[in-house]
Structures are given as structure tokens and as C-alpha cells.
Amino acid sequence: MNMRSKERLFCTLLIVSAAFVSGAAIAAAQGIPAPGANQAFLYEMDEDAVLLNSGGHVLVPDPSGKSPTGLVDATNGAVGIPAIRHATSQLQGVATLGSILCSVPQLVTVRGNECTVIATGTDDVQLVIDPKTGQVIPTSGKVFGTYAVVVQLDNPTDSPEFPVQTGTFSGVINFQPPLPLGFVSEGIFTIDGMSGSFPFQAVFRQPFTRSVKGDVLTHRGEKGEKVSRTDPSARRAQAFYLLDDGSLQRLRPDERAIGWPTVRFEITF
């Protein structure tokens, strides 16, 4: 494997994402992305992710450049074959008034009918390598974490921070490559101080960019060209979500975190 091939594979390993669908049309009516009744939209503010091999060892970039995957086992220097993507994310978003996470008007903090929800989520997604393309493909895994419904405390200008409801959640996330989508099934969440549990399901929409031709979707670069990750334009490029009907929805400014396009979790109770 030559150096160019290694670089391509290494980039694939880091983003752990499949090729996206082509030929989708941009949704004509964008509107304000807001959850419907008994829904919550949470956005990934940041993520800390690592790749693990089948033995559970962390994989790191190969400093020698000799590994065919571009990665090595951090404990013994062996060739790194990714088997699991372990990640923890901080999320923030809103739940609609009347839903179980926004049960009374006194909790509303956004647009007069939405409550602010924050969460810390962790997932362990199994990976497989496509023998034809060498791409690393996410399949399925467990997702779990904690959440809080928050209201303003001592600063009415910044985001809400005082927890008035807390709890836990868990489920199974499944990806359907080549679509930039994931689906949470078997979802269960609990509310601290309340007996029992409550079911939920969710759609995981990954942001992506598209080529100027309109028929090729790329990870970044409005015209499909390579853009350095350190270039300021890399995090401000136009980005889209793939909707259930196959159309594309352009991300709004409030769907970014410090400029970066965010993953959107659409949760239904």
C-alpha cells in the first residue's frame, strides 16, 4: 500500500463514516428546526472519540508510517485494526411543552413552548471493514448516558444551567450505510425520583457537505475539493441533514457549535 492509499484509509478510519447518498434534492421549506409534540431535538456540542481493536486497546496514529491501516495498538505497537468506536458527547437542545421532559410552562426557556435539555451520552459502536473499499463502516452498538432539564439560575443571558429534572437513558443505535443516519431502538429513560421507565426512539442525523454538482456528497468542501481541517472555512462550509423523505435540509446557524455543524438527535417519546 502506497503512502497516498494509507492517507486515504487513515482519514476514513478517523471519521468512521460511509459514503453518502447522491441525487437528493434540497428541502424547499427550511423553517426553524423544532421538535413536534412529544419530541426533543438534541445537538452534539462536542465529542471525545477513540478507536479500539478487538482486544479493547486504544489505537493511535502510526509514527513510523509502516502500518497498512495508519494505526497501531498503543500498548504494543501492533498493526491497528479498528473494531469499536467508543465516544462520549455533550449535547444540548429542547423538548416541546407537554412532553414528558417539558411537562409544565414553568420549565419553558425557549420560544415560549420549549424546555432546555442537556445530556452526556456514550456509545460503543461495532465496526467492520469493507473488503472491497477498505472503508470502516459503523454497524450498531449500545448508547447510554444522563440528562437534565435546566432553567436559568443567576444569569438570564447565558444558556440555562439549573437542573430541575434529571435522569438516565439507554438504547441501541444502528447505522444504515451509506446513509448519514443512525437509529436508536429499544430506548428507555428514567426520571430521578420517579418509579418506572419510559420508552423512546430516535433518529441520528449526521451533517455533511455536498459538491457543487448537487449529485455528490462529500465530507467537506462546497465544491468537493479537499479543505484543510485547520482552514477556517472547514468548519463554516454549508452543511446539510438527510431527511426521511430523501431531501436535504440545510443547517441553520443555530445548529452549529462554535461554527462546526452538529449532529442532530431527533427523539420521540
Counting C-beta onward and ignoring hydrogens, is there a side-chain heavy-atom pair between [X] and [Y] closer than 4.5 Å?
| X | Y | result |
| --- | --- | --- |
| Ile84 | Gln126 | yes |
| Asp46 | Gln90 | yes |
| Tyr43 | Glu255 | yes |
| Phe175 | Gln206 | yes |
| Thr122 | His86 | yes |
| Asn113 | Val108 | no |
| Ser54 | Ile81 | no |
| Phe144 | Asp124 | yes |

So, for [X] and [Y], which heavy atoms are closest and what is the spacing to 0.1 Å?
| X | Y | value |
| --- | --- | --- |
| Arg250 | Gln238 | CG-OE1, 2.8 Å |
| Phe169 | Ala119 | CE2-CB, 4.2 Å |
| Pro138 | Val125 | CB-CG1, 3.8 Å |
| Leu51 | Leu127 | CD2-CD1, 4.0 Å |
| Ile137 | Pro177 | CG2-CG, 3.2 Å |
| Ala95 | Val117 | CB-CG2, 4.0 Å |

Treating Ile, Leu, Val, Met, Phe, Trp and Tyr as nodes and any side-chain heavy-atom pair under 4.5 angstrom as an edge, say whether [X] and [Y] lie in one connected cluster.
| X | Y | answer |
| --- | --- | --- |
| Leu91 | Val184 | yes |
| Val94 | Tyr147 | no |
| Val79 | Ile129 | yes |
| Val151 | Leu153 | yes |
| Ile118 | Trp260 | no |

Original post:
Do Thr262 and Glu44 have a side chain donor and acceptor closer than 3.5 Å?
Top reply: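 Thr262 vs Glu44: no donor-acceptor pair found between side chains.
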Subject >> No-hydrogen, no-angle side-chain donor-acceptor test under 3.5 Å, Glu114 and Thr96 >> reply: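 No, no side-chain donor-acceptor pair sits under 3.5 Å.
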Original post:
Taking the six-membered ring for Trp, are Phe240 and Phe208 parallel (under 30°), tilted (30 to 60°) or perpendicular (over 60°)?
Top reply: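 Plane angle between 30° and 60°, so tilted.
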**OP:** Please report the C-alpha distance between Val263 and Phe204 in whole Å, then the side-chain angles of each, then the deciding distance to 0.1 Å, and finally whether the side chain to side chain contact (heavy atoms under 4.5 Å, CB included) criterion is met.
**Re:** CA-CA 7 Å; Val263 173; Phe204 171 97; 3.6 Å; yes
**OP:** Please lay out, stage by stage, how Val203 and Arg264 fare under the test side chain to side chain contact (heavy atoms under 4.5 Å, CB included).
**Re:** CA-CA 8 Å; Val203 180; Arg264 187 170 81 195; over 6 Å; no
Rounded to the nearest 0.5 Å, what separates atom [atom1] in [X] from atom [atom2] in [Y]?
| X | Y | atom1 | atom2 | result |
| --- | --- | --- | --- | --- |
| His57 | Thr75 | NE2 | OG1 | 4.5 Å |
| Ile173 | Thr139 | CD1 | OG1 | 10.5 Å |
| Ile100 | Gln165 | CD1 | CD | 7.5 Å |
| Arg111 | Leu97 | CZ | CG | 13.0 Å |
| Phe269 | Asn38 | CZ | CG | 8.0 Å |
| Ser89 | Leu42 | OG | CG | 11.0 Å |

Subject >> Sidechain N-carboxylate O distance under 4.0 Å for Arg85, Glu47 >> reply: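 Yes.
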[X] side chain vs [Y] backbone, donor-acceptor pair below 3.5 Å:
| X | Y | result |
| --- | --- | --- |
| Thr69 | Gly80 | yes |
| Thr109 | Thr116 | yes |
| Arg205 | Pro180 | no |

Subject >> CA sep, side-chain torsions, deciding dist, call: Leu242, Leu248, side chain to side chain contact (heavy atoms under 4.5 Å, CB included) >> reply: CA-CA 5 Å; Leu242 177 66; Leu248 305 184; 3.9 Å; yes
**OP:** Just grab all the disulfide (SG to SG under 2.5 Å) pairs involving residues 139-203, residues at least two apart or on different chains.
**Re:**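 Pairs touching residues 139-203 that pass the test: none.
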**OP:** Can you run down the disulfide (SG to SG under 2.5 Å) pairs that involve residues 52-133, sequence neighbours left out, and say none if there aren't any?
**Re:**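 Every disulfide (SG to SG under 2.5 Å) pair that includes a residue of residues 52-133, provided the two are not neighbours, is Cys102-Cys115.
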**OP:** Go through Gln201 and Thr268 one step at a time and tell me if the side chain to side chain contact (heavy atoms under 4.5 Å, CB included) criterion holds.
**Re:** CA-CA 5 Å; Gln201 58 186 4; Thr268 301; 4.2 Å; yes
Could you tabulate the donor-acceptor pairs under 3.5 Å formed by side-chain atoms of residues 185-192, not counting sequence neighbours?
unit_1: Thr190; atom_1: OG1; unit_2: Thr168; atom_2: OG1; d: 2.6
unit_1: Asp192; atom_1: OD2; unit_2: Thr166; atom_2: OG1; d: 2.5

